[in-house]
Structures are given as structure tokens and as C-alpha cells.
Amino acid sequence: MSQTETKPFEHLIFDRLIRRANIVTMAKKNDYGIIENGAVGISNGRIVYVGADKSKLNAKETIDADGQWLLPGLIDCHTHLIYGGNRAHEFAMRLNGATYEEIAKAGGGIISSVKATRQASEQELFDSATKRLESLIAEGVTTIEIKSGYGLDLDTELKMLRVAKKIGETYPIRIAPTFLGAHALPPEYKDNSDGYIDLVCNEMIPTVAKEQLATSVDVFCENIGFSYQQTEKIFKTAKKHGLQIKLHAEQLSDQNGATLVAQYDGLSADHLEYLSQNSIEQMAKHSTVATLLPGAFYFLRETKLPPIQALREADVPMAIATDHNPGTSPCLSILLIMNMACTLFKMTPLEALQGVTINAAKALGLNNEIGSIEIGKKAELVLWNIGHPNQLSYQFGSSPENTLFT
Ligand code: NIG
Ligand code: FE
């Protein structure tokens, strides 16, 4: 019996039944897993039936999809959604020739967002972040990863993570919170980078873990971020506290960070423009997801492409995400990111959709719960008024109509 075919269900009454839907299960390797004119039965928030639309199926509530396309809810698996201010002035500086690294070294970049975030109240951060979130939800996003990292002191990092938690309690959306204390060196620790890493490891991670404010820890491993050795120290501490790990790796240069995160069985290595073949092999060996971020590639006017074909050949799962943040990707459209993954990275529309469903779920360690339409998974679904799932990558600048079921 296949995953999608079921025992006789005629005697069961589901809580909810979505029928006459073209179902895109995303449950098969290298395939949309389409079931034409199918039905999905849901009970207690979980999928209990996926298959043919039989007239005998029964439910307390029935939804007639009328031939629309039912997909897993979209997952934005890498964002910096919460921050104060914006950095439009830096965009203008970059267009006049300054590089991202030069702006960061001159005290701008991430640190200018840190100043604005420290000044903002919890309510102000909540209000600005939820406005952004609403744009993502309007495009069928039902799960979002949110990183801290614009506090760089204990109080502000906790403030950001509390805002992330409150967003999850307020909106019908799943939040995956990530602690990114090692995002940049705060001004108070100028010339004392190791001292800051001690603070991250000795105070911040233990507090975040104790207060259960994050499920993962991330680091910006880069010349203008933190070294391989400092990153490894943070990974060891995170693991000791039962937190999962991921990494901003190989965005501006090859630091061998993807090898490190893979060897620590990390969830994902993200960005990866400067990824080496050796790191690809390590990622394949440890099933570490490659999270590709075409919005940052585009906005930084990067010319070095991530090694998509080599990742494909090595069978490394590829996720894609908005990387929404004020410095390198102020993008609030997951559909535009899917389109960019195809146009800029030459991914296929199927790979783009895998990148925001099943592979994004893997990048968050949530692939047993979400990311495909399969029996036992959470019923976090979106019904789209489209003619084929390819259309989600094709259209840009506007979203097809959709209805969320969460
Ligand atoms: O994913 N590169 C590090 N972090 C972010 C940028 C953060 C910022 O510039 O504010 C990124 O690109
Ligand atoms: Fe990022």
C-alpha cells in the first residue's frame, strides 16, 4: 500500500474534507506527486486521507476545491524578519560603488540595524515585523523561520526572540525561532571578538535554551563575521544545550563553514556562493540542506553563482528562502524568490517548489511534520487558483489567489 492510498475510510467521519482538488503532494522524489481530482481528509489537524475523491468520504465540514490546486503551505526557512529601521541609504551607497563589506567595516551594515533594534520597543518590533509577515502570508507562507541577531546583547536578543514567539501566538503561522547572537561584533566588543564569543557561549545560549526561545543556533561565518574556530565553539555549546545548528556559510568567501556545519550534523548551510566541492561532499554525506538565497545574490549584485549543478549531482537537498533582512534582501515575496531561483540560479520550477516545501521543511528539521501532503503530517495547506504548480515560479510581481488552511 502506497503512502497516499489508504485502508477503507468509509466508516470514518473526518473533521474536514477538501474534495475535487488537484493535489500536489510533494511526497515523491523529483516529482510533484500530482493526484488529479483528489481529496484530503483532515482530523485533529492532521492529514488522515490523501487519494481519490470517493463519494463515500464523509466529514463534518466539506470544502469543494472545484479543480483548484492544493499544495503544502509554503515555508520560508531563512529570515531576519524582526529589526528596527531600514537601510535604504546603504543601498544608495552601494550603487555609488561602496561594497557591502566596506559599509560593514565602516560601522554601518548589520550594526546600523543593531542600533535601531536596540532602541525599538517590543511593541514597535512586533508591529513592523507583523506588517512584513502579512505580505508573506498573503503568498501562502504557513511556516517561517525567524532569526535574532540585531541585538548582540542579551536583553535585545531576548527581546527579538520574545517578539518571534508572540508572532507565533498571534498569527495562524508556525514559527521556527533561531538564535543568531554571532551575527556581527557589537561595538562594545571592538577588538575583543573572542570575548564576545565567550558571552554568546557562556550567557546567551544557556539563557535562550533555558527560556526555550529558540530551537536552532546560527552564526555568520565570514571575514566580516566570525571565524571557523569561533563558529565551532558556538556549535559545541549549542549542541550541549540541545539546540540544532545552521550556518551563514560561504556568502562572500570560502571559509569552509559548510564542511563544519555538515560535520556537526547541522540542518543547513545557507547562501553558498563560494561553496567548494569538498564541502558539497560533506553536505551530501551528512544530509545537510543547501539553503540558497537568490534575493541576497540579486540585491548585492553578486556575480558568482552557487554551484547548483554540483549540488544537484551530489543529491544535496536544496531549499530556497527570502532571507528577508534590511541589508541584503529586503524582499517580502516568496514567489519572487522562486522565480529568481529559476531565472538567476537556473533551478527548475519543481526544484523551486521543493525548495519552499519539502526541502525547506528539512532545513528546519520539521520534515516529519510539514512540507508535503502525506498521511500523518500536519494539515498546513494552501489552495491555489492556478492551472499548474509551475505557475508559482512563473508569475512575478503578483500572487495568484489562494486560501490558507492551517
Ligand atoms: O543573510 N550575511 C549575513 N546576514 C544577512 C545580512 C544581514 C544584514 O545585512 O543586515 C544575510 O545576508
Ligand atoms: Fe541571512
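Just follow the structure's listing: the first ligand is 1, and inside any ligand the first atom is 1.
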K.L.:
In the protein, which heavy atom is nearest to atom 12 (O) of ligand 1, and how far is it?
P.N.:
Thr328 OG1, 2.7 Å
K.L.:
Measure the distance from atom 2 (N) of ligand 1 to every protein heavy atom, then report the residue, atom name and distance (to 0.1 Å) of the closest one.
P.N.:
Gln251 OE1, 2.7 Å
K.L.:
Going by the order shown, which atoms of ligand 1 are within less than 4.0 Å of some heavy atom of Phe220?
P.N.:
2 (N), 3 (C)
K.L.:
If the threshold is 4.0 Å, N to carboxylate O, is there a salt bridge linking Asp53 and Arg20?
P.N.:
no
K.L.:
For the pair Glu374 and Lys28, find out whether any cationic side-chain nitrogen is under 4.0 Å from an anionic carboxylate oxygen.
P.N.:
no
K.L.:
What atoms in ligand 1 come closer than 4.0 Å to a heavy atom of Asp323?
P.N.:
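Counting atoms of ligand 1 from 1, those under 4.0 Å from Asp323 are 1 (O), 11 (C), 12 (O).
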K.L.:
May I ask you to decide whether Arg312 forms a salt bridge with Glu351, counting only side-chain N to carboxylate O separations under 4.0 Å?
P.N.:
yes
K.L.:
Would you call Lys159 and Glu122 a salt bridge, using N to O less than 4.0 angstrom?
P.N.:
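Salt bridge flag = no for Glu122 with Lys159.
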K.L.:
Looking at Glu401, I want to see if its CD is surrounded by more than 12 non-hydrogen atoms of other residues, nucleotides or ligands under 6.0 Å.
P.N.:
no
K.L.:
Just which atoms of ligand 1 are under 4.0 Å from any heavy atom in His78?
P.N.:
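Answer, ordered by atom number: 1 (O).
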K.L.:
Test of geometry: compute the angle OD1(Asp323)-the Fe ion (ligand 2)-NE2(His78) and round it to 10°.
P.N.:
80°
K.L.:
Under 30°, 30 to 60°, or over 60°: which ring-plane class applies to His78 and His248, parallel, tilted or perpendicular?
P.N.:
perpendicular
K.L.:
Could Asp254 and Lys304 be called an ion pair, given the rule that one side-chain N must be under 4.0 Å from one carboxylate O?
P.N.:
no
K.L.:
In ligand 1, which numbered atoms sit nearer than 4.0 Å to a non-hydrogen atom of Gly327?
P.N.:
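Near Gly327, the atoms of ligand 1 are 9 (O), 10 (O).
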K.L.:
Give the residue and atom name of whichever protein heavy atom lies nearest to atom 6 (C) of ligand 1, and the separation in Å to one decimal.
P.N.:
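Answer for atom 6 (C) of ligand 1: Tyr100 OH, 3.3 Å.
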K.L.:
What atoms of ligand 1 come within less than 4.0 Å of a heavy atom belonging to His271?
P.N.:
1 (O), 11 (C), 12 (O)
K.L.:
Should you measure from each heavy atom of Arg87, which atoms of ligand 1 turn up under 4.0 Å away?
P.N.:
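Listed by number with element: 8 (C), 9 (O), 10 (O).
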K.L.:
Can you tell me which residue and heavy atom of the protein come closest to atom 4 (N) of ligand 1, and the distance to 0.1 Å?
P.N.:
His183 NE2, 2.9 Å
K.L.:
Taking non-hydrogen atoms only, is Glu222 closer than 4.0 angstrom to ligand 1 via side chain, backbone, both or neither?
P.N.:
neither
K.L.:
Is the Fe ion (ligand 2) less than 2.8 Å from an N/O/S atom of His271, whether that atom is in the backbone or a side chain?
P.N.:
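Not a single backbone or side-chain N, O or S atom of His271 is under 2.8 Å from the Fe ion (ligand 2).
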K.L.:
If you consider just the N/O/S atoms, which atom of His248 is the closest one to the Fe ion (ligand 2)?
P.N.:
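Atom name of the closest N, O or S in His248: NE2.
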K.L.:
Once you measure the plane-to-plane angle for Phe299 and Phe91, does it fall in the parallel (<30°), tilted (30-60°) or perpendicular (>60°) bin?
P.N.:
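Rings of Phe299 and Phe91: parallel, as their planes differ by under 30°.
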K.L.:
Check ligand 1 against Asn325 and write out every atom of the ligand that is under 4.0 Å from a heavy-atom position of the residue.
P.N.:
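Numbered from 1, ligand 1 contributes 5 (C), 6 (C), 7 (C), 8 (C), 9 (O), 10 (O), 11 (C), 12 (O).
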K.L.:
Does Tyr171, at its OH atom, have more than 12 non-hydrogen atoms belonging to other residues, nucleotides or ligands within less than 6.0 Å?
P.N.:
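Above 12, so yes.
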K.L.:
Nearest to atom 7 (C) of ligand 1, what protein heavy atom do you find, and at what distance?
P.N.:
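Looking only at protein heavy atoms, the one closest to atom 7 (C) of ligand 1 is Tyr150 OH, 3.3 Å.
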K.L.:
Given Tyr196, which partner from the list Asp198, Asp194, Val200 fulfils the side-chain contact (heavy atoms from CB on, under 4.5 Å) test?
P.N.:
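Of all the options given, the one that passes is Val200.
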